[in-house]
Amino acid sequence: MSDRQQLLDWIDAEQDQIFGFYRDFVRKKSPNPPGDTTEAVRHITRFLDGSGVPYRLVDPQPTMANVLGTFEGGRPGRHLVLNGHIDVFPVGEDPASEGWTQDPWGGEIVDGKLYGRGAADMKCGTSASIWTYVLLHRIKDRLKGKLTLTCVSDEETFGPWGARWLMANEPEVRGDCCLNGEPSSPFSIRYGEKGPLWLQFTVTTAGAHGAYTHYSPSATRIAARLIHDLGALEDLTFDLPDNLMRAQSEASAAVDRAMGDGAAEILPKVTLNIGTIRGGLKNNMVPGACVFEADIRLPIGATREQILPEVEKIAARFPEARFEETNYNPPSYCDPFGDMVEIIQNNVEELRGFRPTPIISLGGTDARLWRYENIPAYVYGPFPAGMGSFDENVPIEDFFHVVRTHVLSAYDYLMAS
Ligand SMILES: [Zn+2]
């Protein structure tokens with residue numbers, strides 16, 4: 001029997017264990033914030049211990065440990081890194097009021113779908129990485145190259161203790177290519193993503209009694225005008241590198257299918273979201289302060305150095321306003337026609353009969369950190385159903401599809417070296 005067939009047979013024979021691992025992983029609460037992933041990390045390490053594979057914990061922040069494992073195949077070759085995160089978005093005090101019809105931490109199965117916070121983002125993909133590592137380890141003597149597993153705990157808040165820490169302090173996580181199972185939809189492979197630029201604006205005035213509007217301008221009204229004017233950022237246009245022009249022109253339908261109608265239209269543009277706004281103490285007072293945060297997403301081809309002068313120009317019309325940058329991750333991309341893309345496409349075609357399209361993602365992932373180091377990094381995972389909102393879920397069939405695709409693609413990538 002071929003090794004590829006053996007891998008697929010193991011997945012069939014061990015379906016209950018593979019799905020059970022994923023379901024229990026969803027049940028191990030790991031919301032970030034606050035970001036304590038202890039229980040979920042223990043779930044992973046218990047399984048890795050039982051599987052007899054090498055790993056160690058890297059925990060610069062002890063309640064947010066990262067699991068790092070690596071092994072060499074029997075022959076020299078390329079180094080593939082598997083990356084996934086353990087932390088998930090938080091859920092409010094009363095999930096039903098947010099729209100949840102299932103217990104977000106219950107691992108409930110309804111109509112063939114597993115529900116729960118993190119089911120899609122990204123305990124499905126991280127489970128696929130973990131099982132890929134364990135199954136390929138069983139045939140390691142016949143494998144080429146090297147396989148590294150990185151499960152990180154500080155992704156959801158762009159925190160410093162997860163993949164950023166590994167990238168800076170653990171050189172073995174670099175490798176020749178990175179495969180990540182963040183939500184992408186089975187129909188697309190993500191080779192790049194937009195870059196968030198977060199700015200916090202503060203508007204300050206003297207403030208006054210609410211009836212004495214002649215005494216002071218209102219900080220909230222100035223903020224409202226400033227927010228309106230910042231909308232002009234969405235009209236800026238940028239040039240794309242040639243190979244991306246080609247990839248993007250072929251991808252519009254896949255982009256809408258993966259991220260909803262209208263996604264392809266905003267993909268090449270700057271977008272502006274005012275995520276928070278606070279101002280005023282009481283309705284009969286003219287507010288003397290208003291603070292708001294802008295989450296600006298830069299498309300491929302745009303840089304902070306182009307955007308900030310535009311923001312400054314707009315803000316300069318409002319002498320009561322100042323702003324500071326609170327977060328920036330440049331947009332990133334790698335080769336949309338790279339060999340890992342073709343490997344994934346071939347495997348998905350073999351498994352499901354269609355070829356996923358390479359696209360750019362609207363949202364951010366840790367894959368960017370590999371691209372910043374010029375290491376190609378690709379994302380292939382389930383639909384983002386309910387991601388960051390309510391009733392997050394993944395069809396069980398899609399979960400197994402992601403597992404099979406990761407296992408086969410990791411194998412093919414290593415053996416092709
Ligand atoms: Zn994620």
Side-chain angles (χ1 to χ4, degrees), residues 22 25-26 28-37 40-41 43-44 64-67 81-91 104-105 114-130 132 149-167 173 178-186 188-196 198 258-260 263 275 295 297 327 329 331-332 359-372 377-394 398-399 402-403 405-406:
Y22 168 45
F25 193 17
V26 169
K28 304 292 178 194
K29 295 181 188 179
S30 53
N32 185 13
D36 184 337
T37 59
V41 168
H43 178 66
I44 296 171
M64 300 173 120
N66 305 294
V67 180
V81 178
L82 308 168
N83 171 252
H85 63 81
I86 301 166
D87 56 328
V88 299
F89 274 113
V91 178
W105 309 109
L114 179 73
Y115 280 76
R117 173 56 83 227
D121 182 13
M122 62 168 292
K123 285 174 172 173
C124 166
T126 304
S127 297
S129 295
I130 291 167
T132 297
L149 172 70
T150 60
C151 303
V152 302
S153 277
D154 196 12
E155 195 272 347
E156 292 293 8
T157 59
F158 297 103
W161 307 116
R164 275 166 58 194
W165 177 275
L166 294 183
M167 204 48 98
V173 306
C178 174
L179 178 61
N180 172 305
E182 286 269 20
S184 67
S185 103
S188 67
I189 302 165
R190 300 191 180 181
Y191 63 90
E193 60 195 48
K194 295 178 83 169
W198 291 0
M259 294 178 280
D295 174 6
R297 301 284 169 140
N327 179 35
N329 292 294
S332 69
I359 67 170
I360 299 279
S361 170
L362 296 176
T365 70
D366 277 341
R368 75 185 187 283
L369 299 169
W370 277 265
R371 298 186 196 117
Y372 292 163
Y378 298 101
V379 173
Y380 187 75
F383 268 110
M387 180 175 75
S389 78
F390 60 90
D391 273 356
E392 185 173 345
N393 72 82
V394 171
D398 285 359
F399 166 71
V402 172
V403 172
T405 303
H406 277 238

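Just follow the structure's listing: the first ligand is 1, and inside any ligand the first atom is 1. Atoms considered below: every heavy atom in the structure, side chains included; atoms not considered: hydrogens, waters and symmetry mates. Being a predicted model, the structure only gives us computed values, none of them experimental.
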- Item | Donor-acceptor contact below 3.5 Å, side chain Ser184 vs main chain Arg190 |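 Checked: no pair found.
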- Any donor-acceptor N/O pair, Ser332 side chain to Tyr372 backbone, under 3.5 Å: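 Not confirmed, Ser332 side chain does not pair with Tyr372 backbone.
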- Counting no waters, how many protein N/O/S atoms sit under 2.8 Å from the Zn ion (ligand 1)?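 Count of protein N, O, S atoms less than 2.8 Å from the Zn ion (ligand 1): 4.
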- Task: Could you please spell out the steps behind the side-chain contact (heavy atoms from CB on, under 4.5 Å) verdict for Val88 and Glu392?
- Result: CA-CA 11 Å; Val88 299; Glu392 185 173 345; over 6 Å; no
- Query: What are the two closest non-hydrogen atoms of Lys194 and Leu362, and how far apart are they?
  - Reply: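 Of all heavy-atom pairs spanning Lys194 and Leu362, the closest is CB-O, 3.7 Å.
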- Message: Give me the atom names and distance for the closest heavy-atom approach of Cys151 to Ile44.
- Response: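 Result for this residue pair: CB-CD1, 4.4 Å.
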- Message: Can you tell me how the ring of Phe399 sits relative to the ring of Tyr22, calling it parallel under 30°, perpendicular over 60° and tilted otherwise?
- Response: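 Phe399 and Tyr22: parallel rings.
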